Amino acid sequence: MTATVHEVAAGVFACEQDDGPRIIRQVVIAGAEAALVVDTGLAGSPAEGILPLLERLGLPPVVLLTHPDGDHVAGTAEVLAAHPGTRLLAGAADLPLLGDPERAIRERYARFAADDDVPFTAAMAERARGRFGAPFPTPEAVPAGHAIELGGRRVTLLPTPGHSPGHTAAFVADDGVLAAADAAMGRAIHDRAGNGYIPPMYAPPAAYRETVGKVAALPVRTLLTGHEPVMDATGAARFLAESAAACTRLEALTGAALAEGPATLMTLCARVHTAYGGLPDDRVRDLALTVDGHLGDLVAAGRATVAPGPPRVFRMAP
Ligand SMILES: [Zn+2]
């Protein structure tokens, strides 16, 4: 694991490690009295970034978990072990899946295995378990008012639903720094070489679209996502426009996939995957959440119907 820590704005640090071909990033925002830690990475990540940095800064942490994916929360138990009693925060809608790896795996990773034909094998479950680290206590919901005082520095915690229902970002308005994690996902999450790696994953589409619009309206000068290079204002504007365009395109491709003929969710994901292009061959199932969301919109609009299954079969409305 190659790990780096760099100061991207005054008192704002990006801690990055390798996760297979891509990077994962945690953000530490230092005030005079405390530091806000945005995400804790994978097991082992804190020892390579957050923990030595907190020691160097001499600050106690407050932790924001942006959403319940292993690569963003698995280091939490390690941060708590080093700093017992640390305040843990997360968006209210994500609390049931945080700190409970088995439930997160069942409801987020294996979500389309029972009613649909999106496979979730024992090997996938084992890998997911390895990526979720040790359990930790349920965080408290992001406080009303959505602001955290760190001593001479105020951070706004912004609801940014889409990638998860309770996804929460941290905005340092005075410095124009947004720690966005996976609130917006561009055209794809990229590997270090800049190749598409994982498609945008969100539901429902309307929530994601609104979040992308909300983030685009913020005066962001430094955008720190979970997996992309650090962006300045120009790069952020381009990335957010790409995020919105990808959502529009995935909506159209889901409709086009359905127009090819009645199909299950996995078959529709395969059609969308081919048409979207630029993703690894083995990343078809990663489209399930997003395609399911767009299918849900088509059904709600009366443009498609769904037979219950399992597996469910979708078809264009007559
Ligand atoms: Zn992520």
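Just so you know, ligand 1 is whichever comes first in the structure, and atom 1 is the first atom listed for that ligand. Remember, predicted model here, so these are calculated numbers, not experimental data.
The one candidate from Asp182, Thr66, Thr211 that meets the side-chain contact (heavy atoms from CB on, under 4.5 Å) condition with His163 is Asp182.
Among the atoms of His163, no N, O or S atom is found under 2.8 Å from the Zn ion (ligand 1). Counting backbone and side-chain atoms alike, His67 contributes no N/O/S atom closer than 2.8 Å to the Zn ion (ligand 1).
Sorted pairs that involve residues 17-40 and meet ring pair (Phe, Tyr, Trp, His ring centres under 6.0 Å), not counting sequence neighbours, are lacking altogether.
Asp182 contributes OD2 as its N, O or S atom closest to the Zn ion (ligand 1).
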Exercise. Take Thr76 and Thr40, measure what side chain to side chain donor-acceptor pair (under 3.5 Å) needs, and give me the verdict at the end.
Key: CA-CA 5 Å; Thr76 304; Thr40 59; 2.9 Å; yes
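Under the rule for a ring pair (Phe, Tyr, Trp, His ring centres under 6.0 Å), the partners of Tyr109 that lie at least two apart in sequence or sit in another chain are Phe132.
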